[in-house]
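Right, one structure below, let's go through it.
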Amino acid sequence: MDKLNNLSERELFPKGVKLPNDHFTGRAWLSMLVEDDRIFNCPIGNVSFEPSARTNWHIHQGGQILLVTAGKGYYQEKGKKVQVIHKGDVVKIPSSVNHWHGASPDSWLVHIAIMPNSQKGPVEWLEPVTNEEYNVISG
Ligand code: MN
């Protein structure tokens, strides 16, 4: 698996700004591609996770679509098995479903995050994905 160490030279979109760790474990970066507005109601961001970095558990009231553009990572809905995701995968996350996404321990993950129906409200951030939850995956 490509570890994408030269991420900045290989990515389509800018890496953007490092996200604060309020809702993330490890280092992740965000580049907004489409700002939210009341015409489209569909902000779009490019998110880059270093190995082992991930979101907290969270909920999008309007759902979310992830387009994986580089690397390898994980997606999990609460109460379900973890799914391994790779470059080229499309993940459709239903509205109101508690979930997380992030990189695997051995690879960066880069995805475009499309957040439709933004008029339904902001992301609802919940507790961090613990190391115990995360480490179950790679066993
Ligand atoms: Mn999400």
Side-chain angles (χ1 to χ4, degrees):
M1 174 54 60
D2 190 341
K3 293 184 76 170
L4 297 170
N5 288 324
N6 289 323
L7 192 68
S8 61
E9 294 176 14
R10 306 185 53 166
E11 273 306 293
L12 181 58
F13 296 110
K15 199 166 160 188
V17 296
K18 185 188 168 295
L19 287 159
N21 280 103
D22 308 27
H23 308 304
F24 289 77
T25 298
R27 293 190 301 166
W29 289 259
L30 171 67
S31 174
M32 284 308 294
L33 306 178
V34 177
E35 295 289 343
D36 194 15
D37 64 42
R38 292 285 72 84
I39 298 170
F40 289 96
N41 295 300
C42 188
I44 301 174
N46 189 62
V47 188
S48 305
F49 299 88
E50 71 175 358
S52 296
R54 66 259 188 187
T55 68
N56 281 15
W57 291 97
H58 63 283
I59 292 167
H60 308 277
Q61 294 302 339
Q64 184 180 47
I65 298 169
L66 306 178
L67 309 179
V68 182
T69 60
K72 173 189 166 189
Y74 302 135
Y75 167 68
Q76 184 179 24
E77 297 178 1
K78 198 83 173 183
K80 294 188 180 178
K81 286 179 64 175
V82 173
Q83 298 177 43
V84 179
I85 56 177
H86 300 93
K87 176 179 178 178
D89 286 341
V90 176
V91 182
K92 292 174 76 176
I93 303 166
S95 62
S96 309
V97 167
N98 189 5
H99 69 282
W100 66 271
H101 27 109
S104 64
D106 60 348
S107 177
W108 282 75
L109 175 75
V110 185
H111 65 53
I112 296 169
I114 303 172
M115 291 158 282
N117 309 302
S118 59
Q119 75 280 6
K120 292 187 176 178
V123 179
E124 184 182 336
W125 290 107
L126 302 168
E127 68 280 7
V129 176
T130 64
N131 288 333
E132 288 71 23
E133 289 173 311
Y134 183 81
N135 290 336
V136 162
I137 305 158
S138 46

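Counting starts at 1 for both ligands and their atoms, following the listed order. Just so it is clear, the model here is predicted, and its values are computed rather than measured.
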Centres of the W125 and F24 rings: under 6.0 Å? yes
Is the H111-H101 ring centre distance short of 6.0 angstrom? yes
Any N/O/S of Q64 under 2.8 Å from the Mn ion (ligand 1)? yes
Please find the N/O/S atom of H58 nearest to the Mn ion (ligand 1) and write down its name. NE2
Considering just N/O/S atoms, say which atom of H99 is closest to the Mn ion (ligand 1). NE2
Inspect the contact between E50 and K15 and indicate whether a charged nitrogen and a carboxylate oxygen are less than 4.0 angstrom apart. no
Approximate separation, where rounding is to 0.5 Å, of K120 NZ and H60 NE2: 13.5 Å
